[in-house]
Amino acid sequence: MRRTEIAKVLAQPVLNESVTVMGWVRAFRGNRFIALNDGSTPHTLQIVLDAEKMEESILKKIKFHACLSVTGQLVASQGAGQAVEVLAENVEILGECNPEDGYMMQPKAQTMEFLRTNAHFRMRTSTFSSVFRLRHAVAFAVNKFYNDRGFFYMHTPIITGSDAEGAGEMFHVTTLDVNNPPRTEEGGVDFGQDFFGKATNLTVSGQLQGEIAALALGKIYTFGPTFRAENSNTPRHLAEFWMIEPEVAFNDIYDNMDLAEEFTKYLINYCLENHLADLELLDKRLAEEQNALPKDKRRAMGLIEQLRFVVDNAFERITYTEAVEILMKSKPYKEKKFEFPVEWGIDLQSEHERYLVEKEFKKPVIVRNYPKEIKAFYMRLNDDDKTVAAMDVLFPGIGEVIGGSQREDRHDVLLERVKAVGIPEEELWWYLQLRQFGGAPHAGFGLGFERMVQFITGMSNIRDVIPFPRTPGNAEF
RNA sequence: GCCUCAGUAGCUCAGCCGGUUAGAGCGGCGGACUGUUAAUCCGUAGGUCGUAGGUUCGAGCCCUACCUGAGGCGCCA
């Protein structure tokens, strides 16, 4: 089928020539004007009909979200809302769309909750089509950023036999009959008879395999789906989400922080430079959403304003110890407004992180050197013997977008940590050998892809930046 | 997993102190309309109030349980 994409018609209009466009009706006004959108752009193309020349049966079928093919002259518009329009000579109905038959979408603002239950149609709305064009843009920018800097894209396994990744509850993968599994002599399930000859899970992180690659190729990144069987019910968590995990040989914690800051700024900049129209639309949407809130609950900045602010300012970098000191001097601490205690050794709660990011510094903050007790076994022990070279990048509104560290590269120290936290050594034989044979200092981090898309699009619920969200109790579509 | 709030027409919501035939806007349907911008105007049809019990002369409204959704917290990315 020959058609011209609406994005092209609008970007490079060839006036007074015939053009064929195909798309979905966003509005039909005055029995005369159709706003047509084909997904290639947030904008619509205006189609002008001559009702007297139209067949009644076709006119009746021009409904909200019906799919049309329209051929006609592209001309300068007489109306004020658009530069060009198509004078329809032929209109073909490609797909009817009858509310009478139960079509539930309407040309008006609908709640995110309602649209979520109709995820098969929500991408036809201006908000979601912009969100998903931006999701693509961020994904593309991820690959471009690393490719341009000599990183290699590494595909780590989705099914894993290791349960020592240490990032949370896992989904089991099995082909055994769950109603009647083979049993061991002790009465447990005999995973020796399972597909892989052992118990397997969906991955919670590609980091450990990423380290294998980094200690051979130097600079690598992973970008793929990860799974957490945590019963997390928040607007920031998904059971299935995508994660980007760069891992770099010869990087220390400071190089790691530099990379994290440069990377996140690049992603935001890429969207500002290449998808401003989508961002403007979402900026407007967010402003309307914020206007409905009481004044003290509103965001300090508009969407685009905040994106530019993050790009234009250096991230604040502090140690965990400094963070605790700042919190203990803070007004909410002195007035006992914090729900959770603040003292050296405890993990920072989201109320604490939010204070640092939104009140104290008013910009992204990187906190490093956390107590070893509250961080993973693979993080490099600092010389103080109390803290590890971990770092969290905290963003306004969504909190932690990045968690990373310099990895423990000393075989003896790692072995001691593995034993201390009680992970069976044999689970990690290959991970330990990486240190034993040609090990190197290295560092990396994990960026939650959806959290980044959430920040860039201003959507308040993470379920609205992934096409088909997987959350506890929901795997529809 | 814990806490809070909500569930009334296709959608978004109103419904007083428990009291006759449960309301509105949008959407739908019928009609008008050749320069509209989520068009406008006239007319019209839709609901038994999340589910199951209970209290009461009487329940959309009160009570109990459950289901679903959202927000907060925890876990984290």
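Lettering of chains follows the sequences in order, A, B, ..., and the numbering in each one begins at 1. Since this is a predicted model, take the numbers as computed values, not measurements.
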Determine, for A:Arg228 against A:Glu240, whether the closest basic-nitrogen to carboxylate-oxygen distance falls under 4.0 angstrom.
no
Is the A:Tyr370 ring parallel, tilted or perpendicular to the A:Tyr320 ring (thresholds 30°, 60°)?
tilted
Any base atoms under 4.0 Å from A:Ala80, or only sugar-phosphate, or nothing? Heavy atoms, all strands.
base
At a heavy-atom distance below 4.0 Å, what parts of residues 349-375 of chain A sit against RNA chain B?
A:Gln349, A:Ser350, A:Arg354
Does B:rA24 have a Watson-Crick or wobble partner in any strand here, with both distances under 3.5 angstrom, and which is it?
B:rU12
A:Pro42 and side chain to side chain contact (heavy atoms under 4.5 Å, CB included): which partner among A:Leu279, A:Thr127, A:Asp278?
A:Asp278
Whether A:Arg124 engages the ring of A:Phe64 as a cation-pi pair (distance to the six-membered ring centre under 6.0 angstrom, angle to the ring normal within 45°) should be assessed.
no
Of the nucleotides B:rG74, B:rU36, B:rC11, which one has an atom closest to the side chain of A:Ser232?
B:rG74
Could you please name the partner base of B:rG46, counting Watson-Crick and G-U wobble pairs only when both distances are under 3.5 Å?
none
Separation of the P atoms in B:rU44 and B:rA6, to the nearest angstrom:
36 Å
Nucleotide nearest A:Asn31 when distance is taken to its side chain, options B:rC76, B:rA39, B:rC33
B:rC33
Side-chain atoms of A:Asp347 come closest, of B:rC76, B:rG35, B:rG74, to B:rC76
Nucleotide opposite B:rG1 in a Watson-Crick or G-U pair, distances under 3.5 Å
B:rC73
Any donor-acceptor N/O pair under 3.5 Å between B:rC76 base and A:Arg451 side chain
yes
Taking donor-acceptor contacts at under 3.5 Å, does the side chain of A:Gln110 reach the base of B:rU12?
no
Taking CD from A:Glu289 and C1' from B:rG71, how many angstroms apart are they, rounded to a whole number?
13 Å
For the side chain of A:Glu100, starting at C-beta, report the closest nucleotide among B:rA77, B:rG28, B:rU12.
B:rG28
With a 4.0 Å cut-off on heavy atoms, is A:Gly79 in touch with a base, just the backbone sugar-phosphate, or nothing at all?
base
Nucleotide nearest A:His237 when distance is taken to its side chain, options B:rA39, B:rA77, B:rG35:
B:rA77
Go through B:rG35, B:rG74, B:rC26 for me and flag the one nearest to the A:Gln106 side chain.
B:rC26
Donor-acceptor pair under 3.5 Å, A:Glu113 side chain vs B:rG69 base
no
Is the distance between the ring centroids of A:Tyr146 and A:Phe263 under 6.0 Å?
yes
Identity of whatever pairs with B:rG60 - Watson-Crick or G-U, under 3.5 angstrom:
none
Could you check which nucleotide pairs with B:rU34 in any of the strands shown, counting Watson-Crick or G-U wobble with both distances under 3.5 Å?
none
Any residue of residues 461-470 of chain A with a heavy atom less than 4.0 Å from an atom of RNA chain B:
A:Asn461, A:Arg463
Does B:rA6 have a Watson-Crick or wobble mate here (both distances under 3.5 Å), and if so which one?
B:rU68
What distance, rounded to whole Å, do you find between the two P atoms, one in B:rA14 and one in B:rA9?
12 Å
Taking B:rG35, B:rG72, B:rA39 as options, the one with an atom nearest any side-chain atom of A:Pro235 is B:rG72
Would you indicate which nucleotide in B:rU36, B:rA77, B:rG28 comes nearest to any side-chain atom of A:Pro99?
B:rG28
May I ask whether A:Phe449 stacks on the base of B:rA77, given the cut-offs of 5.5 Å between ring centres and 30° between planes?
no
What nucleotide, of B:rU37, B:rA77, B:rU12, holds the atom closest to the side chain of A:Thr111?
B:rU12
I want to verify a distance call: between B:rG10, B:rU36, B:rG1, whose nearest atom is closest to the A:Asn231 side chain?
B:rG1
Six-ring centre of A:Phe114, A:Arg116 cation under 6.0 angstrom, axis tolerance 45°:
no
